[in-house]
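Nothing here was measured: the structure is a model prediction, and the numbers come from that model. The sequence lines fix the lettering, A, B, ..., with proteins before strands; numbering per chain opens at 1.
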Amino acid sequence: MEINGNTLATLKRGEKGIIRFVDAADPQVQRLMVLGLVEGAEVEHASSAIGGDPMEFRLFGCGISLRQEHAKYFKVSPVAAGD
Amino acid sequence: MTKRSEIRIPANEIPFAKRSDASIAVVGNPNSGKSTLFNRLTGLKQRIGNYPGVTVERHIGLLKVDDKVIELVDLPGTHSLSAHSLEEHIAVDVIFGRMQGMQKPDGILVVLDATNLYQGLFLVQQLIDLKLPMVVALTMTDAAERSGVGIDIERLRQALGGVPIYPIVATTGAGLPQLRLAIADMPSLVPTERIVVWPELTEAARELSHDAREPLRFAELERLLIDGPIDANREFLEKLGGNARGKLEAVRDSLFGIEPPIAKDARIRYAWVRKVLAEVQHSAPPFYSWRVQIAAFINRPVPGTIGLFLVMAIVFQAVFAWATPIMDLIDAGAAVLGASVTQALGEGAFSSLIADGIIAGVGSVVIFLPQILILFLFIILLEDSGYLARAAYLMDRAMRSVGLSGQSIIPMISSFACAVPGIMATRVIPNRRDRIATIMAAPFMTCSARLPVYALLIAAFVPARQVGFMNLQGLVLFGLYLFGIVAGILTALLIRKTALRGPKPSFALMLPEFRRPNLQTVFIQLLGRAKVFLYRAGTVIFTVAVIVWALAYFPRSESIAPAVERQQTIAAYTLSGEELAAEYQRIENVAAAAQMEQSWLGRAGHFVEPAFAPLGWDWRVSSAVIAGFPAREVVIAVLGTVYAVGDEANEGTLSGRLKASTWPDGRKVFTLPMVIGLLIFYACCLQCAATLAVIRRETNSWRWPVFAWLYMTSIGYLGALLAFQLGSA
């Protein structure tokens with residue numbers, strides 16, 4: 001399992017990743033975890049607003065938007081397209 | 001069965017919560033189709049109120065099945081029983097039966113969105129722990145199939161410990177009859193067993209319960225363990241008693257270690273959810289519908305943003321262009337009605353109260369309705385289709401640069417029609433600081449009541465010169481709009497940097513798929529909001545219209561009526577026909593102006609003239625401005641009366657009269673610097689009692705409306721002072 005420096009913030013549009021580690025110290029990150037962004041969840045970077053922030057992710061069929069400043073707390077391992 | 005005769009009463013006349021056989025809470029994620037289902041089940045038999053002390057709406061409806069009347073409470077959407085926002089706190093409080101004035105629900109109707117089982121099951125699993133009778137309504141199964149998700153309902157039922165599940169399509173009504181029967185039978189339903197997804201938590205709860213003073217339900221212990229001894233759990237803490245309370249921290253420590261409890265809870269429960277999903281969901285080939293294609297296109301940053309501006313332009317166009325003919329009609333209708341009342345009742349205090357006070361007052365409320373209804377219709381359509389969240393998402397970065405968040409954009413845009421619905425729309429903003437900053441910025445947006453004053457002054461005093469490809473008059477109007485926006489944004493920024501300094505608000509926004517709004521739901525919501533507007537703003541506007549009328553009407557002068565009669569008699573000797581009628585009218589105008597000058601309003605105008613003199617205003621302008629403080633739209637009417645006066649009346653139209661108006665020493669009153677100052681004053685000043693009332697209501701304190709009024713009035717005064725003094729120097 002390779003994580004390197006990949007986080008939700010570095011996923012390109014259309015790319016998928018599986019969340020491997022969440023730095024949960026920030027209460028706002030905990031809130032995102034309640035919305036389902038937890039270890040093991042597969043997410044796809046669906047779109048972003050102009051300037052790349054905030055970003056929209058697809059998570060088991062639901063859309064969820066978060067700011068880059070929070071996206072960086074979610075380490076992901078990329079999933080090859082077509083998986 | 002003696003109740004039978006009572007139940008024949010139309011359901012909407014039954015006192016709520018008194019004669020219902022059971023009270024069922026409708027619980028679900030935000031955007032799960034909960035409100036659509038609620039409206040489907042209860043129709044118009046519902047009541048909108050507020051939860052005590054807060055501005056969260058309470059929707060209660062009645063469902064009649066055979067001889068049973070079931071009360072349904074539509075709770076605010078929530079993701080978890082660990083409440084985060086005010087709305088979630090309310091939902092959780094009602095579910096646990098700790099909401100003041102509300103009994104514990106007899107059962108729970110869970111609304112589960114088939115397109116979003118992931119978040120839905122996270123909540124359902126926590127709700128099962130409550131051990132209350134429970135029925136699941138599985139909505140949007142059609143949409144799930146379209147997007148390629150099939151659900152094995154039998155397996156889902158098993159995974160949830162046997163909870164009855166009813167698939168329904170709320171838009172067509174399929175599955176509703178069965179659901180109704182299930183709801184009616186819910187009180188006799190035996191709750192299913194808890195699903196143990198987290199054995200350590202169950203163990204910790206058991207340990208804690210050994211020392212508890214009073215027995216606690218598992219769900220209550222669970223809240224204490226996960227959320228800790230927070231204020232909302234006060235009641236549970238008391239039940240726990242001293243011994244166990246001391247133990248709580250130790251038990252929590254060994255359960256969570258250094259991991260934040262909410263994070264650990266989410267990790268474990270979502271792992272369970274994923275396991276269930278793998279069992280019950282199977283992918284089917286998706287229909288590649290036009291919706292998916294459109295969504296994929298507008299989700300790209302640039303088309304998405306252009307699309308948003310297009311949508312805003314359409315809303316604007318609709319609010320201003322479509323409403324105008326209806327508003328003109330209402331205006332003309334009120335005038336005709338007023339005139340015919342005066343004719344029928346003759347002159348006098350009573351007929352004036354009816355015609356100039358009450359009819360004009362009701363008219364000034366009703367005239368806003370077309371705009372407000374169109375605005376509300378668009379907001380509801382945008383909300384129900386899921387676009388509102390997307391608008392907030394697209395505008396977040398821009399709004400963040402001024403210290404707000406994306407959710408402030410719709411309240412701001414609404415305020416261009418009227419600040420009242422704009423401020424009401426701030427409810428979608430979860431962060432309180434953000435919400436108040438938006439409320440303070442909203443009244444600066446150029447509302448439709450400011451437009452007539454702008455139009456009058458600009459047409460009269462700004463030359464219609466071409467400047468580039470634009471007209472100077474148009475440019476000034478545009479400048480005033482821009483001025484309002486900039487002033488509003490600076491205000492929000494200022495407030496966020498000073499009084500409401502605080503951490504940046506979180507921005508975790510669910511972005512629902514586009515879905516077609518249900519017409520019945522849209523209609524019910526529109527009706528509800530129109531009622532709220534009429535009740536909140538309408539009563540205020542009407543009251544101030546009558547008060548302003550009284551201030552301008554009283555005291556009556558003893559000497560004016562005989563003087564009018566004398567002059568009219570003299571005129572009748574020398575003139576005849578149309579000339580006589582015109583002279584009669586002139587004499588009456590002059591008399592009205594004289595009456596106005598010695599009325600309370602005119603006296604007030606004279607009284608404050610020294611305060612407004614540095615701005616270049618005489619007593620007439622001052623009176624009009626004072627009359628405009630409760631409701632700025634009356635200013636034109638007051639100016640019309642005041643200026644039907646003396647030599648200046650030759651000019652006919654109001655703008656002519658304004659131009660000809662002079663100080664006693666012959667200087668013009670309306671110079672360009674004075675007019676610019678007056679425009680600035682209007683752009684800033686919070687001359688609207690309805691807005692103040694709504695700010696009071698929405699912030700739940702007098703502090704903010706008082707602050708807004710003082711702040712905006714000071715800025716208006718200083719702006720006008722600066723413009724006049726610098727311009728005249």
Side-chain angles (χ1 to χ4, degrees), chain A residues 8-9 11-75 79 82-83, chain B residues 29 31 79-80 82 84-85 113-120 122 144 147-149 259-271 273-274 277 281 295-296 298-302 304-305 386 389-390 392-398 400 405-406 503-513:
Chain A
L8 282 183
L11 276 186
K12 300 211 168 44
R13 191 160 67 225
E15 270 183 355
K16 288 180 183 171
I18 292 179
I19 299 177
R20 295 299 179 191
F21 174 75
V22 186
D23 181 351
D26 185 338
Q28 303 197 5
V29 173
Q30 291 169 25
R31 173 67 187 163
L32 293 168
M33 294 176 78
V34 168
L35 297 181
L37 290 167
V38 293
E39 289 85 348
E42 186 185 286
V43 286
E44 179 188 351
H45 179 194
S47 78
S48 60
I50 286 180
D53 188 22
M55 309 166 82
E56 178 190 358
F57 295 95
R58 301 250 109 212
L59 172 73
F60 289 94
C62 64
I64 179 167
S65 99
L66 53 153
R67 292 177 180 163
Q68 288 229 339
E69 57 186 300
H70 298 131
K72 66 172 194 269
Y73 291 112
F74 296 83
K75 296 234 181 292
V79 177
D83 272 11
Chain B
N29 289 157
N31 291 306
H79 283 103
S80 160
S82 283
H84 172 73
S85 64
D113 176 357
T115 64
N116 189 9
L117 279 184
Y118 183 61
Q119 291 180 329
F122 180 75
S147 63
V149 177
E259 204 175 349
I262 290 178
K264 179 156 190 173
D265 185 54
R267 281 173 174 134
I268 291 173
R269 286 187 210 268
Y270 272 113
V273 170
R274 279 200 304 279
L277 280 188
Q281 253 184 8
I298 65 163
N299 282 0
R300 302 171 68 82
V302 175
T305 309
R390 192 155 288 279
Y393 154 76
L394 287 167
M395 292 307 292
D396 180 60
R397 200 182 159 94
R400 212 183 327 162
S405 76
K504 259 185 273 178
S506 67
F507 186 72
L509 202 61
M510 297 308 301
L511 294 172
E513 292 275 330

Honestly, the part of B:Arg267 sitting under 4.5 Å from a heavy atom of chain A is both
Before giving the answer on side-chain contact (heavy atoms from CB on, under 4.5 Å), spell out for A:Tyr73 and A:Leu32 the whole-Å C-alpha distance, their side-chain angles and the decisive distance to 0.1 Å.
CA-CA 11 Å; A:Tyr73 291 112; A:Leu32 293 168; over 6 Å; no
Among B:Ala266, B:Gly386, B:Ala398, the residue with the most heavy-atom pairs under 4.5 Å to chain A is B:Ala266
Under 4.5 Å to a heavy atom of chain A? For B:Arg390 that would be side chain
ask   = Quick check: does any side chain N or O of B:Tyr393 sit under 3.5 Å from a backbone N or O of A:Ser48, one acting as donor and the other as acceptor?
value = yes
Answer key: most heavy-atom pairs under 4.5 Å with chain B among A:Gly51, A:Ala41, A:Ala46 is A:Ala41
Can any side-chain N or O of A:Gln30 pair as donor or acceptor with the backbone N or O of A:Ala24 at less than 3.5 Å?
yes
Item to complete: Go through the steps to decide whether A:Glu39 and A:Met33 satisfy the test side-chain contact (heavy atoms from CB on, under 4.5 Å), and finish with yes or no.
Response: CA-CA 9 Å; A:Glu39 289 85 348; A:Met33 294 176 78; 4.3 Å; yes
When the 4.5 angstrom heavy-atom criterion is applied to A:Val22 and chain B, the contacting part is both
Turns out that what part of B:Thr115 lies under 4.5 Å from chain A's heavy atoms comes down to backbone
Item to complete: Taking the side chain as every heavy atom from C-beta outward, state whether A:Leu11 and A:Phe57 have any atom pair closer than 4.5 Å.
Response: yes
Smallest heavy-atom separation, A:Asp53 atom then A:Arg67 atom, equals OD1-CA, 3.4 Å
Residue from B:His79, B:Met510, B:Arg274 scoring the most non-hydrogen pairs under 4.5 Å with chain A is B:Arg274
query = Mind checking whether A:Leu66 and A:Leu37 have side chains closer than 4.5 Å, heavy atoms only?
reply = yes
So, the part of B:Leu277 with a heavy atom under 4.5 Å from chain A: the answer is side chain
Ranking B:Ala271, B:Pro260, B:Ser80, B:Ala144 by heavy-atom pairs under 4.5 Å to chain A gives rank one to B:Pro260
